[in-house]
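Questions regarding the structure given below will be posed in turn.
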Amino acid sequence: MFDTLQLIGGLILAVGYIPQIIQLIRTKSCKDLNLNTYATVFLGIALMEAYAINLAAHGAGAMFLVTNSMALAF
């Protein structure tokens, strides 16, 4: 299950900026940022956080937990 969370989170992160890119191309302006982009990226990182917590609880992936927690906080 946790591997699936990591996979889904990683995929969401991989495509998370697409709405922003589309908006930038359409408007030719960086003035309005798309909130959906940041919500999608946050969801992906949150799913990966669950995976990182599981890894750390089983004695592996402590650094992944630290860096992912930082990304989630930012």
Side-chain angles (χ1 to χ4, degrees):
M1 177 181 147
F2 287 102
D3 288 337
T4 303
L5 289 177
Q6 192 276 334
L7 177 63
I8 293 169
L11 289 173
I12 290 171
L13 287 175
V15 300
Y17 287 103
I18 290 175
Q20 185 64 58
I21 293 168
I22 291 170
Q23 184 169 337
L24 289 171
I25 292 170
R26 202 177 313 144
T27 64
K28 296 184 183 7
S29 170
C30 295
K31 194 165 87 174
D32 347 314
L33 294 178
N34 188 335
L35 186 57
N36 289 335
T37 298
Y38 296 101
T40 303
V41 170
F42 180 81
L43 175 62
I45 294 172
L47 291 173
M48 290 179 59
E49 183 74 3
Y51 178 70
I53 290 169
N54 180 59
L55 280 179
H58 290 92
M63 290 314 297
F64 178 60
L65 177 60
V66 169
T67 57
N68 199 67
S69 296
M70 289 173 53
L72 187 60
F74 291 137

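Here, residue 1 is the first one in the sequence, and each next residue gets the next number.
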Next on the checklist: Quick check: closest heavy atoms across Thr40 and Gly16, and the distance to 0.1 Å?
Outcome noted: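 Nearest heavy atoms, Thr40 then Gly16: CG2-CA, 3.8 Å.
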Checklist entry - Is there a chain of hydrophobic side chains (I, L, V, M, F, W, Y, each step under 4.5 Å between heavy atoms) that links Val41 to Met48? => result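 Result: yes, single cluster for both.
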Checklist entry - Counting distance only, does the side-chain N/O of Asn36 pair as donor-acceptor with the main-chain N or O of Pro19 below 3.5 Å? => result no
Item to check | side chain to side chain contact (heavy atoms under 4.5 Å, CB included) assessment of Leu11 paired with Val15 | outcome: CA-CA 6 Å; Leu11 289 173; Val15 300; 5.8 Å; no
Next on the checklist: Could you see if Ile12 belongs to whatever hydrophobic cluster contains Leu72? Use Ile, Leu, Val, Met, Phe, Trp, Tyr and a side-chain cutoff under 4.5 Å.
Outcome noted: yes
Checklist entry - How would you list, by chain and number, every residue that makes a side-chain hydrogen bond (donor to acceptor under 3.5 Å, both in side chains) with Thr27, sequence neighbours excluded? => result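 Per chain and number, Thr27 pairs via side-chain hydrogen bond (donor to acceptor under 3.5 Å, both in side chains) with no residue.
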Checklist entry - Are the side chains of Leu55 and Leu65 in touch, meaning some heavy atoms are under 4.5 Å apart? => result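 Side-chain contact under 4.5 Å: no.
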Checklist entry - Quick check: are there more than 12 heavy atoms from other residues, nucleotides or ligands sitting under 6.0 Å from CZ of Phe42? => result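 At most 12 heavy atoms, drawn from other residues, nucleotides or ligands, come within 6.0 Å of this atom.
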Item to check | By side-chain hydrogen bond (donor to acceptor under 3.5 Å, both in side chains) - contacts of Gln20 (at least two apart) | outcome: none
Item to check | Validation row: Thr37, Gln23 side chains within 4.5 angstrom (heavy atoms) | outcome: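 In short, these two side chains do not touch, never coming nearer than 4.5 Å.
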Checklist entry - Taking it one step at a time, do Cys30 and Leu24 satisfy side chain to side chain contact (heavy atoms under 4.5 Å, CB included)? => result CA-CA 6 Å; Cys30 295; Leu24 289 171; 3.6 Å; yes
Item to check | Hydrophobic cluster identity match, Ile53 and Ile8, side-chain contacts under 4.5 Å | outcome: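 No, Ile53 and Ile8 fall in different hydrophobic clusters.
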